[in-house]
Protein chains: 2
Amino acid sequence: MLSKKTKYALHALTYLGKHRENKTVLIQDIAEEHGISHKFLENILLELRKAGYLGSKKGKGGGYYLIKEPKDIPLSRVIRLLDGPIALLPCVSLNYYEPCSECKNEAQCGINKVMAQVRDETLKILENKSLQDILDGE
Amino acid sequence: MLSKKTKYALHALTYLGKHRENKTVLIQDIAEEHGISHKFLENILLELRKAGYLGSKKGKGGGYYLIKEPKDIPLSRVIRLLDGPIALLPCVSLNYYEPCSECKNEAQCGINKVMAQVRDETLKILENKSLQDILDGE
DNA sequence: AATAAACCCTATAAAATAAATAGGGTTTAT
DNA sequence: ATAAACCCTATTTATTTTATAGGGTTTATT
């Protein structure tokens, strides 16, 4: 399951995607819309900005706005950013690899091989769904 | 990511699958092979037995054994049993449904719709991979 | 120039979950 | 009779997630 962090990030991106005509959107507006803690959401938006999905404007009248096209924000990226690995095991993660302590020989581990296949197929799904698909469903 | 519980379960099933000629296998043997706590593994094997994948024999000379064909033990079942939902959000889980608190209207939530698609496609993958596939890779 | 409203940043606390341990009880081959 | 094995529930510990705290910095407006 996705963490609340990732879920909130998706809600925030969706909200920003739906309000692109506005120059900026306030954290407060998104937080109120979904009943999320202002401060918690603030941290999430900060991460999204650092990752290059959002821009922000400081000072009075400031706020956040999308700087990428919704079709260029795949779910895989958002999930990796907020939740970490998409792979089901650390030993098959492309971006967060770690060996499994209980595994004696990764090279001949059947679980490793199958999970690498699962990872590849799962990635195909998550790379092909973007914020645009979410917006299309609203 | 899968919990250690699920990972250990997969290792145990794999071990049992590789030793089907023996009548029974000791918890201890599996635990030692993978450096897992005996007691922790015991709980996991118990769950697998209750779920109908394993049989056991009490008393001296007892132990555990597979009672299903490896091809009839899909990853999806093992994961659901030990880890819970496969869906990325509670609001699209087939077996563990719960509404999302931050979602005002599930029926017109784009995240919900996309995640339901992701769930369907992910399930296809995990239902089509079984213990047999793991054994084939060893 | 002062002010208020907004984002920016780090650290800490609280809550929930996962992982492991404890301590016996029951069954059965020898 | 006994030892070796599974069976069961509860508790503790560790880790991760979630949330909060407390200010700092920037900038439009007055």
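Order of the sequence lines fixes the chain letters, A, B, ..., with proteins taken first and strands second; residue numbering starts at 1 for each chain. None of these values were measured; they are calculated from a predicted model.
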Open item on the list: Donor-acceptor check, side chain of A/K5 to backbone of A/L82, threshold 3.5 angstrom: yes or no?
Closed with: no
Open item on the list: Do A/Q132 and A/D136 pair up side chain to side chain, a donor and an acceptor below 3.5 Å, judged on atom types alone?
Closed with: yes
Task: Partner nucleotide of C/dT30 by Watson-Crick or wobble geometry (both distances under 3.5 Å) - done: D/dA1
Task: Any strand: nucleotide that pairs with D/dT13 via Watson-Crick or wobble, under 3.5 Å - done: C/dA18
Open item on the list: Check the orientation of B/H11 and B/H34. Use parallel for under 30°, tilted for 30 to 60°, and perpendicular for over 60°.
Closed with: tilted
Open item on the list: Distance check needed: C/dT17 P versus B/L82 CG, whole Å only.
Closed with: 17 Å
TODO: Report the distance from atom CG of B/L41 to atom P of C/dA19, rounded to the nearest whole Å.
DONE: 14 Å
- [ ] For A/L46 and C/dA6, give me the distance from atom CG to atom P, rounded to whole Å.
- [x] 17 Å
Open item on the list: Need one value for A/K7: base, sugar-phosphate or nothing, where a base atom within 4.0 Å counts as base even if backbone is also close, heavy atoms only.
Closed with: nothing
Open item on the list: Any base atoms under 4.0 Å from B/L45, or only sugar-phosphate, or nothing? Heavy atoms, all strands.
Closed with: nothing
- [ ] Would you kindly compare B/Q28 and A/K57 by the position of their nearest DNA chain D nucleotide and give the one closer to the 5′ end?
- [x] B/Q28
- [ ] State whether the side chain of A/T6 and the backbone N or O of A/L2 hold a donor-acceptor pair below 3.5 Å, judged by distance alone.
- [x] no
Open item on the list: Looking at B/R49, I'd like to know whether one of its side-chain N or O atoms comes within less than 4.0 Å of OP1 or OP2 on D/dC7.
Closed with: yes
- [ ] Tell which nucleotide pairs with C/dA6, taking only Watson-Crick or G-U wobble pairs whose two distances are both under 3.5 angstrom.
- [x] D/dT25
Task: A/M115 vs B/I134 side-chain heavy atoms within contact, under 4.5 Å - done: no
TODO: Calculate the interatomic distance between A/Y64 atom OH and C/dA5 atom C1'; express it in whole Å.
DONE: 14 Å
Open item on the list: Expressed as a whole number of angstroms, how long is the span from B/K50:NZ to D/dC6:C1'?
Closed with: 12 Å
TODO: Name the closest nucleotide to the B/K60 side chain, picking from C/dC9, D/dC6, C/dT28.
DONE: C/dT28
Open item on the list: Could you walk me through whether A/E121 and B/K129 satisfy the salt bridge (Lys or Arg N to Asp or Glu O under 4.0 Å) test, starting with their C-alpha distance in whole Å, then the side-chain angles of each, then the deciding distance to 0.1 Å, before giving a yes or no?
Closed with: CA-CA 12 Å; A/E121 297 180 34; B/K129 303 251 185 243; 3.5 Å; yes
Open item on the list: Please report the distance, rounded to the nearest Å, between NZ in A/K23 and P in D/dA28.
Closed with: 11 Å
TODO: Would you give a per-nucleotide map of nucleotides 14-25 of chain D, 5' to 3', where B means the base has a protein non-hydrogen atom under 4.0 Å away, S means only the sugar-phosphate does, and - means neither?
DONE: ----SBB-BB--
Open item on the list: Output the rounded distance in Å from CD (B/E47) to C1' (D/dC7).
Closed with: 13 Å
Task: Smallest separation among heavy atoms of B/A9 and B/I44, with atom names - done: CB-CG2, 3.7 Å
